[in-house]
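To start, the structure under review is shown below, and the notes come after it.
Residue numbers start from 1 in every chain, and the chains themselves are labelled A, B, ... in the order their sequence lines are given, proteins ahead of strands. Both backbone and side-chain heavy atoms feed into the values below; hydrogens, waters and symmetry mates do not. Note that the coordinates shown come from a computational prediction; the quantities given were computed from them, not determined experimentally.
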Number of protein chains: 2
Amino acid sequence: MKKISSRFSIAVHILSLIALSPSPCTSDFIAESVQTNPVIIRRIIGKLKKAGLVQVRAGAGGAYLQKGLDEITLLDVYRAVEVVEKDDLFNFHDHPNPKCPVGANIESVFRTKMLQAQAALEHELAQVTLQQLVNELSEKSGS
Amino acid sequence: MKKISSRFSIAVHILSLIALSPSPCTSDFIAESVQTNPVIIRRIIGKLKKAGLVQVRAGAGGAYLQKGLDEITLLDVYRAVEVVEKDDLFNFHDHPNPKCPVGANIESVFRTKMLQAQAALEHELAQVTLQQLVNELSEKSGS
DNA sequence: TTGGTTGAAACTAAAATGGTTACATCGAGA
DNA sequence: TCTCGATGTAACCATTTTAGTTTCAACCAA
């Protein structure tokens with residue numbers, strides 16, 4: 001395949017950093033923790049902003065959470081960074097031959113199964129809030 | 001992201017075709033139902049063969065199932081076509097900064113959650129056998 | 001022996017990703 | 001008000017993956 005983009009993991013990293021850092025989080029500061037280019041960070045923050053998860057102080061600099069940590073789930077982040085379009089994790093091959101009994105019906109049958117699998121994945125993501133994640137992070141860095 | 005390769009859906013198509021077709025399934029015949037190039041089909045059949053799911057008559061032509069329909073799950077197929085490496089659906093960004101409390105620990109915390117989500121997806125795939133899928137296909141094409 | 005088939009290599013085109021540079025714009029503080 | 005740092009984009013580039021195509025040697029059954 002291809003894996004799910006690292007945008008997702010970077011976005012989670014960014015949000016955790018904003019949540020835990022007392023100082024204002026500029027894209028430069030965040031880029032140093034993620035170890036990538038500040039533009040990459042800004043691009044992802046842009047998506048998080050569009051999803052209403054964070055807010056950015058233009059000019060002054062720094063990103064801030066727009067919701068409580070326990071109001072943001074991993075699914076929200078996953079959706080925000082457009083890891084996949086809704087209901088579209090699995091690629092289907094285009095236009096099977098409709099004259100063939102298998103080709104004519106495989107799509108709808110297979111798609112149903114795939115939607116179930118995808119729903120299971122998303123359900124799992126929806127179970128985890130950033131609050132839980134940050135708590136675990138704090139425990140680890142504390143010990 | 002990127003979506004999960006259509007190899008997966010094509011592989012399922014191929015196996016269903018083999019299961020349902022009375023005549024021998026050559027890559028040309030299959031390619032016509034899938035509506036793609038025969039070489040694409042052979043490449044995927046090669047992977048299914050490596051996974052022990054099908055067997056091919058070299059020279060003569062035609063692919064045949066090597067296991068019972070109820071012994072093959074969608075997870076088997078998913079793994080066979082190497083949709084993703086094991087435990088690797090989600091991409092993690094490389095080398096976060098270990099000097100940062102978040103960067104140092106985000107990977108292990110996040111990865112745990114991702115493995116759970118991936119396990120949920122794979123569990124769902126493991127629930128569906130080709131037998132079920134073929135049954136549903138038959139019902140549809142019969143009606 | 002011949003014809004149809006597989007298996008594999010080599011190549012192409014398109015798309016997605018991650019990364020980089022450059023720059024206009026904004027806004028808070030001196 | 002001016003300046004400096006930060007954001008938001010656009011434009012580019014290299015790499016990887018995918019899907020598709022052509023070509024051809026090897027194989028085997030009739």
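Rounded to whole Å, the distance from CG on B/Asn37 to P on C/dA8 is 16 Å. The CD1 atom of A/Ile18 sits 11 Å away from the P atom of D/dT7 (whole-angstrom rounding). Taking atom CZ of residue A/Arg57 and atom C1' of nucleotide C/dG29, one finds them 12 Å apart after rounding to whole Å. Between B/Asp28 atom CG and C/dT6 atom C1' the separation is 11 Å, expressed in whole Å. Across the protein-nucleic acid pair, B/Ile44 atom CD1 and C/dG7 atom P stand 13 Å apart, rounded to whole Å. Atom-to-atom, CD1 of A/Ile10 to P of C/dG18 comes out at 7 Å; the value is rounded to the nearest Å. For the pair B/His93 NE2 and C/dG18 C1', the computed distance is 13 Å after rounding to whole Å. For the pair A/Asn91 CG and C/dA16 P, the computed distance is 10 Å after rounding to whole Å.
With hydrogens and angles ignored, a donor-acceptor pair closer than 3.5 Å exists between the side chain of B/Arg43 and the base of D/dG20.
The side chain of A/Ser27 lies closest to D/dT7, out of C/dG18, D/dT7, C/dT5. Listed nucleotides: C/dT5, D/dT9, D/dT22. Nearest to the side chain of B/Thr26: C/dT5. For B/Val39, taking side-chain heavy atoms from C-beta onward, the closest of the listed nucleotides C/dG7, C/dA22, C/dA9 is C/dA9.
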### Task
Could you go through the side-chain hydrogen bond (donor to acceptor under 3.5 Å, both in side chains) check for A/Glu139 and A/Asn135 one step at a time?
CA-CA 6 Å; A/Glu139 284 173 29; A/Asn135 286 347; over 6 Å; no

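No more than 12 heavy atoms of other residues, nucleotides or ligands shown are found within 6.0 angstrom of CD on B/Glu32.
B/Thr129 has its side chain out of reach of B/Leu69: every pair of non-hydrogen atoms, C-beta onward, lies at least 4.5 Å apart.
The aromatic rings of A/Tyr78 and A/Phe8 stand perpendicular to each other, their planes meeting at an angle above 60°, with 30° marking the opposite boundary.
As judged by a 4.0 angstrom heavy-atom cut-off over every strand, A/Gly59 is placed among the base-contacting residues. Residue-level contact check: B/Gly46 touches neither bases nor backbone, having no heavy atom under 4.0 Å from any strand.
Annotation for A/Ser16 and A/Val134: closest pair CA-CG2, 4.3 Å, computed over non-hydrogen atoms.
OP1 and OP2 of C/dG18 both lie 4.0 Å or more from every side-chain N or O belonging to A/Thr36. For the pair B/Lys49 and C/dT6, the criterion of a side-chain N or O lying under 4.0 Å from OP1 or OP2 is not met.
Nearer the 5' end of DNA chain D, as judged by each residue's closest nucleotide, is the contact made by A/Arg42, out of A/Arg42 and B/Ala60. Sequence order on DNA chain C of the closest nucleotides to A/Ala58 and A/Ile40 puts A/Ile40 first from the 5' end.
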